[in-house]
Peer 1: 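I have a structure here, written as structure tokens, and I will follow up with some questions on it.
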2 protein chains.
Amino acid sequence: MFRATITDIARELGLSASTVSRALHDHPDISEATKTKVKEIAARLDYFPDSIAQGFKKQRTSTIGIIVPEIQHHFFSSAISGIEDLAYNAGFTIMVCQSNEDYEREKLNLRAMVSNRVAGLLVSLSQSTMDVSHFDILKKRKIPVVFFDRTHEDLTGSQVKVDDHNGAYQLVSHLIDRGYKHIAHIAGPSNILIGRERECGYRDALIDRGLTIDESLIVRGGYRNSDGTHGAEKLLALPKRPDAIFCVNDPVALGAYLVIKQQGLRIPNDIALAGFSNNPISALIEPPLTTVDQMSYDIGKSAAALLLEQIEKGVDNVSPVILVKKTKLIIRKST
Amino acid sequence: MFRATITDIARELGLSASTVSRALHDHPDISEATKTKVKEIAARLDYFPDSIAQGFKKQRTSTIGIIVPEIQHHFFSSAISGIEDLAYNAGFTIMVCQSNEDYEREKLNLRAMVSNRVAGLLVSLSQSTMDVSHFDILKKRKIPVVFFDRTHEDLTGSQVKVDDHNGAYQLVSHLIDRGYKHIAHIAGPSNILIGRERECGYRDALIDRGLTIDESLIVRGGYRNSDGTHGAEKLLALPKRPDAIFCVNDPVALGAYLVIKQQGLRIPNDIALAGFSNNPISALIEPPLTTVDQMSYDIGKSAAALLLEQIEKGVDNVSPVILVKKTKLIIRKST
DNA sequence: ATGAAAGCGCTAACAG
DNA sequence: CTGTTAGCGCTTTCAT
């Protein structure tokens, strides 16, 4: 039940705590001789720094906070994995909260993060977040933040996302090329940019190819499985059934997939289906799903890299950027 | 750039910091009048406690540490989600590290957790962890810990897992009932208990039903997708091909699934396939996979509940338990 | 019912 | 090259 502190090492060697601290940090002022001695004793006593004490003193920890809607959503768990890998290599640990798509919980998560003096924050918004002013506190406290994937137009910090508009545009163009004429869209909520941009890509593709937009073919929901189920049920009940459905993301597409199968319809013969995100599961269903690769792991890594830069250089010395990654259309048998 | 502290509130009211601290914590000594005043000012100044300072003072934070092999594995991300939900309700936040199945990284993760003075730790071992003595530090520091899913026989703390032996036994019995005679097993590494117990369940089921065990039908690997691929390749190249394969978990089964499909074999007609964990993906492939439900989210919640109890009552006042959850056999078309 | 004071472990002026 | 000192925000014992 003994925990070695810097003072223990100092006492052992008849040095001061500050010298030991400096030696441990390879401060140039300290002689090689003492550095060696200090490190020797440190190793012998199995000393390792108390991150909490350091964080307290320095007013900032080596922890990166992450707020996502749902941890178990593949896109996010994969992004978190990318963040963790990068953070680990930079000597940071991650603290994760999930908003469960709930605005109030997102606000509390944010407080917890600030309260824990995270060095920086990585955020993907909940689908129910309309107002983003709670993030103002970060600017006030000079806490670096990078938003990824689920962003909002009123946000001022850096952002990392894929080119949602273009990804959707390409996908819908592909559907048109295949000869589909009545292409429906199960859209996301309009407060979150990715939802709006994917819908916009969908609309623009139709318009550019001379097709008319039928508003009854656009149903709006959230980003979850169940939203796909409900959306598909509505669409399939339409008097003139669509011949293709483009879903705002893969979880929604999978929800739709189940409904289509249940109703005994064949994909793509009776109705084509496409998603967005390229979850691993989409390659394995039968038929495999056409989708847009969103490079979740890379998005996580890029967002973390941007954040680390801000942490290192100071939030005031880095101007916010919006990093837009290219998507890749993955054509499979569902279209 | 102003952050209200307890001292600010104290100054504002002409009180001492200690009184304010007590008022904020609803200490019985403090009069209702001052409590009200303090809370009023606290709200006005948008005060909220500095968790780091609290943790520093109290020698323990309100953070629960989690170490898992891979965050993006559905079983783990789902368990983490369960942990986070429970932790959130109890006023804790979670800190997550992934070992990437690497023993050395697991050791460093552990240090980071201790260094961050987590209130308690939830651990699932990496597949390369043979020796678990690095966890001794937790006992020395009296840090509560609960191991879940991937455990090891030398571990002393509490554990939460499913009845792996029975789950495998039931599954293999089902295969025998179906008439399969040459049932192969792609097994996990033997250092981790779940691997050994699932294998044991497999062996016992065969023996109890009077079938002989053919060691050449047992191939050993890890817990990842690629292990399933390699395992299946070996098994399918055998002179006498097995008529069924039971895989140590769903990711491995999916790796095997791809190989079987690639080789043009039909499931289950040419060869049956079964997994373990009931990843959502396993219900959606064609044919859907027979598997064993492992209730990942619940395992996470139960482990977290056990941990919180230890944190609350003190690690010395709770005797370690091993919680074994019942599994549920999910029979689908792949068998 | 409230205050004074000490201290958790570490770092960083400032001083020598 | 090394030591002294102060203090980060909070809790808690001991006074009053």
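Chain A is the first sequence line, chain B the second, and so forth, proteins listed ahead of strands; every chain is numbered from 1. Here the structure is a predicted model, which means the values were calculated and not measured.
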Peer 1: Can you tell me how far C1' of dT12(D) sits from CG of Leu24(B), to the nearest Å?
Peer 2: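 Distance check: Leu24(B) CG to dT12(D) C1' gives 15 Å.
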Peer 1: So, applying side-chain contact (heavy atoms from CB on, under 4.5 Å) with Val20(A), which one of Ile30(A), Thr5(A), Ile6(A), Thr34(A) is it?
Peer 2: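 Exactly one candidate clears the test, Ile6(A).
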Peer 1: Quick one: Arg11(B) CZ to dC10(D) P, roughly how many Å, whole number?
Peer 2: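 It works out to 12 Å between those atoms.
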Peer 1: Do any of residues 26-46 of chain A sit with a heavy atom less than 4.0 Å from DNA chain C, and if so which?
Peer 2: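 Under 4.0 Å from DNA chain C: no residue of residues 26-46 of chain A.
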Peer 1: Cut-off 3.5 Å, side chains only: do Tyr297(B) and Asp85(B) have a donor facing an acceptor?
Peer 2: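 Result is yes, a qualifying pair exists.
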Peer 1: Roughly how many Å is it from CZ in Arg60(A) to P in dG7(D), rounded to a whole number?
Peer 2: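 Atom-to-atom, Arg60(A) to dG7(D), this comes out as 23 Å.
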Peer 1: With distance as the sole criterion, is a donor-acceptor pair present between the side chains of Arg150(A) and Gln127(A) under 3.5 Å?
Peer 2: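 No donor-acceptor contact under 3.5 Å links the two side chains.
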Peer 1: Describe, in one word, how the ring planes of Phe135(B) and Phe147(B) are oriented to each other, choosing from parallel (under 30°), tilted (30 to 60°) and perpendicular (over 60°).
Peer 2: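 It falls in the perpendicular class, over 60°.
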Peer 1: Holding to salt bridge (charged side-chain N to carboxylate O under 4.0 Å, His left out), I want the full list of residues that pass it with Glu106(B), two or more places apart in sequence or in another chain.
Peer 2: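 Listed in chain order: nothing, the list is empty.
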Peer 1: Taking protein heavy atoms under 4.0 Å as touching, what does nucleotides 4-10 of chain C look like 5' to 3' if B marks base contact, S marks sugar-phosphate-only contact and - marks none?
Peer 2: B--BBBB
Peer 1: Remember a base hit wins even if backbone is also touched, and classify Leu15(B) as base, sugar-phosphate or nothing at under 4.0 Å, heavy atoms.
Peer 2: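 Here Leu15(B) touches the backbone only, sparing every base.
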Peer 1: Between C1' on dG7(D) and CD1 on Ile52(B), what's the gap in Å once rounded to a whole number?
Peer 2: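 After rounding, the reported distance stands at 17 Å.
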Peer 1: Using a cut-off of 4.0 Å on non-hydrogen atoms, how would the nucleic acid contact of Gly55(A) be classed: base, sugar-phosphate, or nothing?
Peer 2: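 Touches nothing.
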Peer 1: Would you call the rings of His73(B) and Phe76(B) parallel, tilted or perpendicular, taking 30° and 60° as the class edges?
Peer 2: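 Parallel.
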